Amino acid sequence: VVTRDDVEESLKAVFQFVKDKEQLLQDLRSQIEETKKKIVGKQRERDYWLEYKNVGSKIHAERISSLEKDIADVKYELERTEEYYSEALKVVREENQKMFDRHMKLLSEEALKNAVGYLDKNCRREIEENEWLKEEVKIYRKEEKDLKASVQLLEEENTSLVAKLIDIKLQHLRV
């Protein structure tokens, strides 16, 4: 026996089930619409990138290789220029140093001549003798070094001879 309440409950359950299914169907339709929109957006993006891959990437690849070649050329030229200027700088520095040394030598000679020009004959003679004495001192110092070296060698030789003599006397004493 089925009562009216059972039938109403059953109808309510069926109605609720249908209503839930319709709601679910509507949710699925909205999700399908959103997914279709996403698919269309992704297809546009895919088409763009395919177009880029087929046409734009080749153009950009050519530009990139051209720019890389330009960069390599610029680096090479920079290195050559740097070497050239460093060599030129070295030459200029050497030349400046030579000119400076020559100028200083000329100035010192000129100053010496001027100073000697203001001196009387006796002072000039003393300066000339002083120069001669300086040369003599250099010669004597060299001779002194040579003599000291000779003396040291002779002392070492004497020391070794005395040591040998003592060794020989000790051997004779033992005998």
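Bear in mind the structure is a predicted one, so any value in this text is a computation, not a measurement.
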Peer 1: What distance do Ser160 atom OG and Leu165 atom CG have between them, rounded to the nearest 0.5 Å?
Peer 2: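 Between atom OG of Ser160 and atom CG of Leu165 there are 11.0 Å.
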Peer 1: Is there a continuous path of hydrophobic side-chain contacts, each under 4.5 Å between heavy atoms, that joins Ile139 to Leu147?
Peer 2: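 Different clusters.
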Peer 1: Around atom CD of Glu82, are there more than 12 heavy atoms of other residues, nucleotides or ligands at under 6.0 Å?
Peer 2: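 Counting other residues, nucleotides and ligands, CD of Glu82 stays at 12 neighbours or fewer.
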Peer 1: First locate atom CG of Leu24, then atom CD of Gln26, and finally report the distance between them rounded to the nearest 0.5 Å.
Peer 2: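 The CG atom of Leu24 sits 10.5 Å away from the CD atom of Gln26.
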Peer 1: Do Glu109 and Lys105 have side chains that approach each other closer than 4.5 Å (heavy atoms only, starting at C-beta)?
Peer 2: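 Yes, side chains in contact.
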Peer 1: How does the hydrophobic cluster around Val92 look, that is, which other residues are in it when side-chain heavy atoms under 4.5 Å mark a link?
Peer 2: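 ILVMFWY cluster around Val92 holds nothing else.
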Peer 1: Any heavy-atom pair between the side chains of Glu131 and Lys134 that's under 4.5 Å?
Peer 2: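 They are in contact (side-chain heavy atoms under 4.5 Å apart), so the answer is yes.
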Peer 1: Between Asp101 and Gln97, is a side chain to side chain donor-acceptor pair (under 3.5 Å) present by the stated rule, with each step listed?
Peer 2: CA-CA 6 Å; Asp101 291 342; Gln97 186 63 40; 3.0 Å; yes
Peer 1: In Å and rounded to the nearest 0.5 Å, what is the NZ to CG distance from Lys164 to Leu161?
Peer 2: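 The NZ atom of Lys164 sits 6.0 Å away from the CG atom of Leu161.
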Peer 1: Determine whether Lys148 and Lys145 make a side-chain contact, defined as any pair of heavy atoms from C-beta on separated by less than 4.5 Å.
Peer 2: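 They are not in contact (no side-chain heavy atoms under 4.5 Å apart), so the answer is no.
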Peer 1: Donor-acceptor pairs under 3.5 Å, side chain of residues 33-48 to any protein atom, not counting sequence neighbours: which ones?
Peer 2:
{"residue": "Thr35", "atom": "OG1", "partner": "Gln31", "partner atom": "O", "Å": "2.7"}

Peer 1: Any pair with a residue in residues 54-109 that passes ring pair (Phe, Tyr, Trp, His ring centres under 6.0 Å), sequence neighbours left out, goes on the list, sorted by first then second residue, please.
Peer 2: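 Every pair satisfying ring pair (Phe, Tyr, Trp, His ring centres under 6.0 Å) with a residue in residues 54-109: Tyr52-His60.
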Peer 1: If you measure from CD on Glu156 to OG1 on Thr159, what distance do you get to the nearest 0.5 Å?
Peer 2: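 Nearest 0.5 Å value for the CD-OG1 distance: 7.5 Å.
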Peer 1: Any chance you could pull the hydrophobic cluster mates of Val74, using side-chain heavy atoms under 4.5 angstrom and chaining through other members?
Peer 2: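 Under the 4.5 Å side-chain rule, Val74 groups with nothing.
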Peer 1: For residues 2-16, dump all side-chain donor-acceptor pairs below 3.5 Å to protein atoms at least two apart in sequence or in another chain.
Peer 2:
{"residue": "Thr3", "atom": "OG1", "partner": "Asp6", "partner atom": "N", "Å": "3.3"}
{"residue": "Thr3", "atom": "OG1", "partner": "Asp6", "partner atom": "OD2", "Å": "3.2"}
{"residue": "Arg4", "atom": "NE", "partner": "Glu8", "partner atom": "OE2", "Å": "3.2"}
{"residue": "Gln16", "atom": "NE2", "partner": "Asp20", "partner atom": "OD1", "Å": "3.0"}

Peer 1: Under the side chain to side chain contact (heavy atoms under 4.5 Å, CB included) criterion, do Glu87 and Glu83 qualify, and how do the steps go?
Peer 2: CA-CA 6 Å; Glu87 288 297 320; Glu83 288 174 8; 5.6 Å; no
Peer 1: I'd like to know if Glu144 pairs up with Arg141 as an ion pair, taking the criterion as any Lys NZ or Arg NE/NH1/NH2 lying under 4.0 Å from an Asp or Glu carboxylate oxygen.
Peer 2: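 No, Glu144 and Arg141 are not salt-bridged.
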Peer 1: Please identify each residue that fulfils side-chain hydrogen bond (donor to acceptor under 3.5 Å, both in side chains) with Gln23, with sequence neighbours left out.
Peer 2: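 side-chain hydrogen bond (donor to acceptor under 3.5 Å, both in side chains) check on Gln23 returns Asp27.
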Peer 1: Could you measure the distance from the OG atom of Ser66 to the CZ atom of Arg63? Nearest 0.5 Å is fine.
Peer 2: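 Answer for the OG-CZ pair, Ser66 versus Arg63, is 8.5 Å.
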Peer 1: Rounded at 0.5 Å granularity, tell me how far CG in Leu25 sits from NZ in Lys19.
Peer 2: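 The CG atom of Leu25 sits 15.0 Å away from the NZ atom of Lys19.
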